[in-house]
Asker: 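I'd like to ask some things about the structure below.
The figures that follow rest on heavy atoms only: side chains count, while hydrogens, waters and symmetry mates do not.
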Amino acid sequence: MSAAQQHSLVPKRSKAKGDKTPEIAIFGTGAAGLCTAMQLKKAGIHSFTIYEKGEGVGGTWRDNTYPGAGCDIPSHLYSFSFEHKRDWSRKFALQPEINAYFEECAEKYDLYRHIRFNTEIASATFDEATAQWHIKTTAGEERVADIVVSGVGQLNQPFIPEIEGLENFKGVQFHSARWRHDMDLKGKRVAVIGNGASAIQFVPEIAPEASELTLFQRTPNWVIPKADRPYTKLELALFKAFPFLTKIHRAMIYLTLERNFLAFKKDSFFSKLFERQARKELESHIQDPELRAKLTPDYPAGCKRILLSNDWYPAMARKNVHVETNAVGHIGENAVVTEDGTVHPAEIIIYGTGFKATDFLCPMEIRGLGGRLINDAWKDGAEAHRGVAVAGFPNFFMLYGPNTNLGHNSIIFMIECQVKYVMQCIEEMITGSIAWLDVKPEAMDAFNTALQAEIQKSVWAGGCTSWYKTESGKVTNNWSSFTAKYWWQMRKADLENFAKVARGKLKTPVSQAAE
């Protein structure tokens, strides 16, 4: 079923006497946090607070303001199915327009009065006596909530590798997610460490400005053309006049992208098609055989994230751009030195090294039943029931959690499926006088055993290293199948797989503890 065909995410409420509306804490104002808040509002639930460590909404789209920042999912699908934007300026929107969309959603649903900006969560501990989460901020403030919904996602903690001498560099260095807009790169010798999804967007933008740009590449990427262009005036006029056309357009995009999951099956026909397309693109722009060899992957397409770009290879072919494949040894006062001893002078170092993607909820300290740390529960790699609930952590729900990332479709679709599931859990708690819900360990184990078995049939389980998996090789980030399968599993909350504690069995009634 397409994202455009999804029915309302809001469960029908049957109000009963004695219903208590729970206090809900939402972590983060990215797509996941905003989606949760919007659906709570639609359900008539206003007793929630959103904690945001930054100064504005948008999450990763607020933070990543580097030159060329944009989405690799078409605009009409990278938006909420229940909050259509009919006037996207282009097929693949850039960061300013995406963040403006999330700001507009927050304004429309009157969410700003629920948000506490510049408030970072340090810890959350579940109190079994009161069935409440005790939340502490990094500023030392303490709050309580009956339910916690984490919307911090997987790409919120920038990763900078531990490189010898990093602290001795006399020039300017920064991560792409913390872009220094006050720095003029014109005429500067720039070193870019890392060549992932962010670098593929900002390097072509800054290469013409730098006098020299050295790209330190660990492994090359599979890169295919991006079918991007502005929408025509006629298209925008039709979308405005006939809103159903945007739904049709969205559904067509969804179905096209959904088919692409076939490329992630081991040795699949579609995988080979991606590789042929990528090789053709590479060969059309890179004539130098040595550079072409450097930029040619030696692993199956999809094992690492497939990247979309129309200007990456032209940038690599520039005379002032050098691709260095020797590993970085250390950083000197004015240079990056590779392990073979070659000195690469640099005035500015930019880290395009991604995020701590497998460190879910980092750096928050989450404690569940018996004071158990969630990181201890995840010592062998993060996992959750349907990517949302973790056994031993009642009334705690994750969005964009373990094994819900995608390589082929829109994460907004996945988030909407998860929010609908969480809303059903909240409704059950309200109407059933339930103090807490805790997914049963056997249900979570069964779900993840089946999921990991399915992942073994994919290219992600191959020999390449990627942010999709832990150092031990366990794939903790990606969903194992089509998004339609996830929608089917999430359409109805499997509440029979949750242990339930009634309010009357608490030492202190929730209603009193909240006062």
Asker: For the pair Lys492 and Asp494, find out whether any cationic side-chain nitrogen is under 4.0 Å from an anionic carboxylate oxygen.
Answerer: no

Asker: Can you check whether Ala301's main-chain N or O pairs, donor with acceptor, with Glu275's side chain at less than 3.5 Å?
Answerer: yes

Asker: Just to verify, which of Trp88, Tyr78, Trp61 counts as forming a ring-ring contact (aromatic ring centres under 6.0 Å, His included) with Tyr101?
Answerer: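 Filter result, single survivor: Trp88.
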
Asker: How about His385 and Phe447: are their ring centroids closer than 6.0 Å?
Answerer: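 For His385 and Phe447, the ring centres are under 6.0 Å apart.
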
Asker: Check Glu454 with Lys485, please: is the shortest side-chain N to carboxylate O separation under 4.0 Å?
Answerer: yes

Asker: Under 6.0 Å between the ring centres of Tyr231 and His76?
Answerer: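 Aromatic pair counts; centres sit under 6.0 Å.
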
Asker: Strictly distance-based, threshold 3.5 Å: is any side-chain N or O of Glu83 a donor or acceptor partner for the main-chain N or O of Met38?
Answerer: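 Side chain of Glu83 to backbone of Met38: no pair is present.
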
Asker: Could you check His181, Arg178, Gln95 and say which one makes a side chain to side chain donor-acceptor pair (under 3.5 Å) with Thr65?
Answerer: His181

Asker: Is the CE atom of Met183 crowded by more than 12 outside heavy atoms at less than 6.0 Å?
Answerer: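 Buried by this count: over 12 neighbours within 6.0 Å.
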
Asker: Flag the pair Phe274 / Trp222 as yes when their ring centroid distance falls below 6.0 Å, and as no otherwise.
Answerer: no

Asker: For the rings on Phe413 and Tyr254, is their centre-to-centre separation under 6.0 Å?
Answerer: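 Ring-ring flag for Phe413/Tyr254: true, centres closer than 6.0 Å.
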
Asker: So does Glu347 get a backbone contact from the side chain of Arg189, meaning a donor-acceptor N/O pair under 3.5 Å?
Answerer: no

Asker: Does the pair Leu40 and His46 meet the rule for a side-chain contact (heavy atoms from CB on, under 4.5 Å), with working shown?
Answerer: CA-CA 7 Å; Leu40 287 171; His46 302 272; over 6 Å; no

Asker: Can you check whether Ile50's main-chain N or O pairs, donor with acceptor, with His114's side chain at less than 3.5 Å?
Answerer: no

Asker: Taking 4.0 angstrom as the limit, do Arg276 and Glu281 come out as a salt bridge?
Answerer: no

Asker: Is it the case that the side chain of Asn403 and the backbone of Asn478 share a donor-acceptor pair, with hydrogens and angles ignored and the cut-off at 3.5 Å?
Answerer: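 Yes, the answer is positive, given that a donor and an acceptor are paired below the 3.5 Å cut-off.
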
Asker: Aromatic rings His344 and Phe216: how do their planes relate, parallel, tilted or perpendicular, breaks at 30° and 60°?
Answerer: perpendicular

Asker: Can you tell me how the ring of Phe82 sits relative to the ring of Phe80, calling it parallel under 30°, perpendicular over 60° and tilted otherwise?
Answerer: parallel

Asker: Using a strict threshold of under 4.0 Å (side-chain N to carboxylate O), is an ion pair present between Arg86 and Glu235?
Answerer: no

Asker: Within the side chain of Asn260, is there an N or O that forms a donor-acceptor pair under 3.5 Å with the backbone of Asn409?
Answerer: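 Checking the backbone N and O of Asn409 against the side chain of Asn260, no donor-acceptor pair under 3.5 Å is found.
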
Asker: Between Phe159 and Phe355, is the ring centroid distance below 6.0 Å?
Answerer: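 So the answer is no for these two rings.
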
Asker: Counting the benzene-type ring for Trp, do Phe202 and Trp179 have ring centres under 6.0 Å apart?
Answerer: yes

Asker: Just how far is it from atom CD of Glu258 to atom CZ of Phe482, taken to the nearest 0.5 Å?
Answerer: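 One finds 6.5 Å between CD of Glu258 and CZ of Phe482.
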
Asker: Can Leu308 and Val223 be said to form a side-chain contact (heavy atoms from CB on, under 4.5 Å), step by step?
Answerer: CA-CA 6 Å; Leu308 280 64; Val223 182; over 6 Å; no

Asker: Given side chains that start at C-beta, do those of Phe397 and Thr36 come closer than 4.5 Å, heavy atoms only?
Answerer: no

Asker: Do NZ/NE/NH1/NH2 and the carboxylate oxygens of Lys226 and Asp72 come within less than 4.0 Å?
Answerer: no

